[in-house]
Protein chains: 2
Amino acid sequence: MITERVRTAHVLVVEDDWPIRHLLKVSLSAHDYEVSEAENCKEAISSLAKQVPDLLLLDLGLPDGSGIDLLRRLRQEHATPVIVLSVQGAERTKIEALDLGADDYLTKPFSVDELLARVRAALRRSKSLHAPTLLTCGDLELDLERRHVTLAGHEISLTPNEFSLLMAFMRNQDRVLTHRQLLKEVWGEGYVDDSHVLRVNVCNLRRKLNSPDGKRNYIKTEPGVGYRLCLPRPA
Amino acid sequence: MITERVRTAHVLVVEDDWPIRHLLKVSLSAHDYEVSEAENCKEAISSLAKQVPDLLLLDLGLPDGSGIDLLRRLRQEHATPVIVLSVQGAERTKIEALDLGADDYLTKPFSVDELLARVRAALRRSKSLHAPTLLTCGDLELDLERRHVTLAGHEISLTPNEFSLLMAFMRNQDRVLTHRQLLKEVWGEGYVDDSHVLRVNVCNLRRKLNSPDGKRNYIKTEPGVGYRLCLPRPA
DNA sequence: TTTTTGCATCAAGGATCCTTGAAGCGGGGT
DNA sequence: ACCCCGCTTCAAGGATCCTTGATGCAAAAA
């Protein structure tokens, strides 16, 4: 099941210099992109209000205001990829734009081939977004992306092994996990019989997860079998 | 946008002892589960051939063969959640079943409330599967799940910081990432000006990524700006 | 050419983490 | 009552990793 982009991509070119703007329009149109044009910030803003393009080519040296501000406004609402055009020497502005989330840059003069390659790369990337992976169990939250764990709101710091262990638990809430399963998952095939190292880590994990007053217990021991993560019951 | 299970869940009960099987059927039916029954391995296999249930309740002490073998056969094709029933003392078999991928277990005699809780938990879990997150760039592969990186097939070992750094790169292939962006992403807000630590890590990462003969280069330097990950060109 | 600037690389002190040993605790069985 | 077994907890040696300083290098600027 693949979702393919069928319609042609729409590119908005924001550039005050006519020869360059024309070059961009011709080059992009020749490769089946649909092109809109704006020659200053004002036109760009009204164009964006009408329709948000698939990609923005933005010159940073506009007559009626800084392209940086335009980029900042755009980024507050849209994740549209942006490729920045700049003249040599405007390093400061260029880097500021990239830090603001611009996707790429080209320094004038640039080759059309390079421009087209950058456009393709930016459009390709913008298609692949990833679902935010966040596991929860009670007031425990585990963020796979950032490798952060928060308990009742504030972050707690885990060692790499503790994090993997907790990840295995949270993917299998309320389920018994045998010693071998946990050892295999976190330490690998070679450790399936080393139950001591597992016990030490469960101990350390509990110390960090359970409330200071020891009134909650997320990890339940299944004697002779393994462990199980479940909602803590106020002992 | 939520996908909710509307139809009733289908449970297959595999149990030779009539009183227990009857108890299970009555209890589950009373809670709107659709129940099928099998009193030995043979019946279970033919039932599975007809229709794969949403959950399997499996007694391990069957007259015509080991429930373990049934479980092993099932696991070769389906990820159907399985809750195992066992008598006290059959620890060995029970743990074997769990290691094979059984989801939970109940030791006879068990309370019906506990059974129903375990059934709910197992069905809830089976609904949440996660997309395998695997990023690639040329013959570089990064597995978000297992935190493994392979280069042309064989694994290479990265330190935690190196892994985060490469992850940032692979999520933004062909895109320039400024020093500040990378430092913020990997080290956090407080490090955005410490470009030295970034350079050292990029250096170490390159040493591990590039082929021994130094003929490939994944990470391209953008002088004054930052770095960019792209397909290596045979220098 | 000389100087400067930014990047690459090496090395070491210090911090963190992992493994393993040893001791304490408690329930079940004899 | 005693012992045995599994689980918990503490502690330390050793391994790994991270940061920082020092040095080398190359390209651009003066």
Side-chain angles (χ1 to χ4, degrees), chain A residues 88-92 94-95 98 107 147 149 156-166 176-180 182-183 185-188 190-210 212 214 216-229 235, chain B residues 88-89 91-92 94-95 107 147 149 156-166 176-180 182-183 185-188 190-210 212 214 216-229 235:
Chain A
Q88 227 177 6
E91 301 294 312
R92 197 61 171 279
K94 184 176 69 182
I95 296 176
L98 291 169
T107 305
R147 292 224 132 198
V149 176
I156 61 182
S157 82
L158 300 182
T159 71
N161 276 351
E162 287 163 4
F163 188 93
S164 298
L165 187 57
L166 182 58
V176 210
L177 293 171
T178 67
H179 298 141
R180 297 178 74 88
L182 289 166
L183 286 162
E185 178 77 19
V186 177
W187 281 267
Y191 285 71
V192 290
D193 289 320
D194 187 352
S195 51
H196 185 51
V197 71
L198 173 62
R199 293 203 178 98
V200 172
N201 273 268
V202 168
C203 172
N204 293 332
L205 194 51
R206 277 176 168 151
R207 187 180 307 146
K208 294 181 180 180
L209 292 190
N210 297 345
R216 294 181 306 179
N217 189 12
Y218 279 94
I219 302 174
K220 191 176 162 194
T221 303
E222 301 277 343
V225 178
Y227 296 92
R228 181 198 299 265
L229 179 76
Chain B
Q88 228 177 6
E91 302 294 312
R92 198 61 171 280
K94 185 175 70 182
I95 296 176
T107 305
R147 291 224 133 199
V149 176
I156 61 182
S157 81
L158 301 182
T159 72
N161 276 351
E162 287 162 4
F163 188 92
S164 298
L165 188 56
L166 182 58
V176 211
L177 293 170
T178 66
H179 298 141
R180 297 178 73 89
L182 288 166
L183 286 161
E185 179 76 19
V186 177
W187 282 267
Y191 285 70
V192 290
D193 289 320
D194 187 351
S195 51
H196 185 50
V197 71
L198 173 63
R199 293 205 178 98
V200 172
N201 273 268
V202 168
C203 172
N204 292 331
L205 195 50
R206 275 175 169 153
R207 187 180 307 144
K208 295 181 180 180
L209 292 189
N210 297 346
R216 294 180 306 179
N217 189 13
Y218 279 94
I219 302 174
K220 192 177 162 194
T221 302
E222 300 278 342
V225 178
Y227 297 92
R228 180 197 300 264
L229 178 77

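Using a 4.5 Å cut-off on side-chain heavy atoms (C-beta onward), B:Y227 and B:L177 make no contact. Side-chain atoms of A:N201 and A:W187, non-hydrogen and from C-beta on, do get closer than 4.5 Å to each other. A heavy-atom distance below 4.5 Å is not found between the side chains of B:N161 and B:N204.
B:L205 pairs in a side chain to side chain contact (heavy atoms under 4.5 Å, CB included) with only one of the listed residues (B:L165, B:T159, B:N210), which is B:L165.
Atom CG of A:L183 and atom P of C:dC18 are 14 Å apart (whole Å). Taking atom CG of B:L209 as the reference point, atom C1' of C:dA8 lies 16 Å away to the nearest angstrom. Rounded to whole angstrom, the span from the CG atom of A:D194 across to the P atom of D:dG6 amounts to 15 Å. For B:E162 and D:dC18, the CD to C1' distance is 10 Å, given to the nearest whole Å. If you take CD of B:E91 and P of C:dG29, they are 11 Å apart, rounded to a whole angstrom. The nearest whole Å value for the distance from the CD1 atom in B:I95 to the P atom in D:dG6 is 10 Å. For the pair A:N161 CG and C:dT16 C1', the computed distance is 13 Å after rounding to whole Å. Rounded to whole Å, the distance from CG on A:L198 to C1' on D:dG6 is 13 Å.
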Just the atom pairs and distances: protein N or O near nucleotides 9-12 of chain D's N or O, under 3.5 Å.
residue	atom	partner	partner atom	Å
D:dC10	OP2	A:R207	NH2	2.9

Quiz item: Can A:V176 and B:K94 be said to form a side-chain contact (heavy atoms from CB on, under 4.5 Å), step by step?
Solution: CA-CA 11 Å; A:V176 210; B:K94 185 175 70 182; over 6 Å; no
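Residue A:N201 has its side chain nearest to C:dT19 when only D:dT19, C:dT19, D:dT8 are considered. The side chain of B:T221 lies closest to C:dA8 when the candidates are C:dA8, D:dT20, C:dT19. Checked against D:dC18, C:dC18, C:dT19, the side chain of B:T159 finds its nearest nucleotide in D:dC18.
A:R228 places no side-chain N or O within 3.5 Å of a backbone atom of A:E222 that could act as its donor or acceptor partner.
The phosphate of D:dC18 (OP1 or OP2) has no side-chain N or O of B:W187 nearer than 4.0 angstrom. Taking 4.0 angstrom as the limit, B:Y191 places none of its side-chain polar atoms (N or O) nearer than this to OP1 or OP2 of D:dT20. When the side-chain nitrogen and oxygen atoms of A:Y227 are compared with OP1 and OP2 of D:dG6, none of them lie within a distance under 4.0 Å.
Residues B:R206 and B:K220 come closest through the heavy atom pair NH2-C, 3.9 Å.
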